[in-house]
Amino acid sequence: MTDPTPSADARRWLADFGAALARQDLTAATALFGDDAYWRDLVAFTWNIRTQEGPAAIREMLAARLADTAPTDFALDGEATAADGITDAWFTFETRVARGRGHLRLRNGQAWTLLTTMVELKGFEEKKGPRRIKGAEHGVHPGRKTWLERRQEEQATLGYTEQPYVVIIGGGQGGIMLAARLRRLGVPTIVVERNEKPGDSWRKRYKSLCLHDPVWYDHLPYLPFPDDWPVFAPKDKIGDWLEMYAKVMELNYWGSTTAKKASFDEATGEWTVVVDRAGQEVVLRPKQLVFALGVSGYANVPKIAGAETFLGEQHHSSRHPGPEGYQGKKVVVLGSNNSAHDICAAMVEQGVDVTMVQRSSTHIAPSDSLMELALGGLYSEQAVKNGIDHHTADLVFASVPYRIMHTFHIPVYEEMKKRDADLYARLEKAGFMLDFGDDGSGLFMKYLRRGSGYYIDVGASELVANGSIKLKSRVNIERINPRSVTLSDGTELPADLIVYATGYGSMNQFLADLVSPEVADRVGKVWGLGSGTTKDPGPWEGELRNMWKPTNQANLWIHGGNLHQSRHYSQFLSLQLKARYEGLDTPVYGQAPVHHLR
């Protein structure tokens, strides 16, 4: 008799899969997948971030990559579990050049979803645990240099007499996390940041800003937050943590430095990056250039007739200092997503008369409901108690292919509609335009598809519902007058301050300005899945466009996202860069074509 346990089922599948791959039997290997199966690979097989959808695509990838990858040693990691007809299992494996970890979902004995991820490159592992350096040099060593002297020498020479292999433009959370991983891998890297200090991009935002994502979702690599860290950290606390982190992780962080121009020499495979470092022009010549400038491009400030005649203040939300100094004044905030709600709530708290102008519908996800219904199973104190740390949670999250991810989310937001029905009803009564995404899949799918259109409610929605934040919806600002704004319905609102909470432009506008429009167009649109939903035009791409993987411009990479994405995907970007630094062969399978420009 066969053992009917989930672990036995998973072991059997892994053994059959490993055997089929070992003898390069593509027919047998693909027969182990169901008709609607998905194989998501993070670098291990494809040197890319790519999802193969269906047995035919899986077979095509294996035909191209199996001989070179030479996978072996598929082994169950821990015990498999089963629920609702699905068996979940973790496993480890090796390839010719790397060690990996994966996740498997079995349905009716066949693979439904398969995730394979590269963990480390053989022979180029991080010097941690038993590989850690000794540090102290016992005995007599004439001319020895202390750690501080070596560190100072590196800071004085890197970028001048010695060139970095990687330059990261952007020293916010994404650039810092990637630089930390590259440091651990021994890849010479410089981070270029126009602000003076790490964390300034947080410190300089409006006073009331806090993280809307919970602490378990937000850890940085290697140094998790202390266990008394607040669930929702204030911006300045995050800023201080990033500054500390950059120092402790020994990053070569060039603050007060602005990238002026970059160009790539195809013949030498080298970038020339001209920067202004505190008033001094420096020319860097890295092999790899990473743009880590966040999810968005430049601040989007709409051009509105009469703006030049306005006698009050007007600025984008990214420049908003906070509500202090506006007591007794009239404030109009154009926009209705996260920043708009935060700014309006802070105004109300200071007794300021504020009106939100809502042009289009917004998804509202109450924070407590989001925590309990959407994130709690993976990122919460209870999840940690259940043995799911953020490393495991990241992989569970990554194991769900984007093609079917919305089906996992729709039930969450159906329940949220019921749980928060009273709030939603009162918001609609106040005139607020609500949505749950084009297909009802809610917050995270909106974030992946378009990076906008939502508010994680940490209190401002109640202020809209009860009228503390005044609301004008289904309108836009048609004209700005010296002391007022005229809306598209003819209403005139008195105004002393106009805040444009109107989001940001395309990320690759930075490429157009810093490198060239031709390179920006070669790379194409950044972010989005090609879902065919609002602001995410098709065709279907299957992964986020151009993020954390090779682009169509040689040696140019784009890194960013929220804290969770920056942490998780920096691992895979750093391994791709390390492999190239060490001269390993990295044939990219399934380079994504460009369907959309800026």
For [X] and [Y], test the side chains for any donor-to-acceptor distance below 3.5 angstrom and give the result as yes or no.
X: Asp438; Y: Thr533; value: no
X: Asp394; Y: Tyr379; value: yes
X: Trp557; Y: Gln576; value: no

Whether His315 and His320 hold their rings parallel, tilted or perpendicular, with breakpoints at 30° and 60°: tilted
Candidates Phe436, Phe397, Tyr402 - the one meeting ring-ring contact (aromatic ring centres under 6.0 Å, His included) with Phe444: Phe397
Evaluate the side-chain proximity of [Y] to [X]: yes if any heavy-atom separation is below 4.5 Å, no if none is.
X: Ser441; Y: Met405; result: no
X: Arg449; Y: Lys535; result: no
X: Arg359; Y: Leu334; result: yes
X: Val515; Y: Trp271; result: yes
X: Ser570; Y: His559; result: yes

Lys NZ or Arg CZ of Lys237 over Trp229 ring: under 6.0 Å, within 45°: yes
Work out which heavy atom in [X] is nearest to a heavy atom in [Y]; give both atom names and the distance.
X: His568; Y: Ala398; answer: NE2-CB, 3.7 Å
X: Thr362; Y: Ser336; answer: OG1-OG, 2.7 Å
X: Asp420; Y: Ser369; answer: OD2-OG, 2.6 Å

Verdict with supporting geometry, Glu372 and Arg419, salt bridge (Lys or Arg N to Asp or Glu O under 4.0 Å): CA-CA 11 Å; Glu372 184 176 328; Arg419 175 172 166 155; 2.8 Å; yes
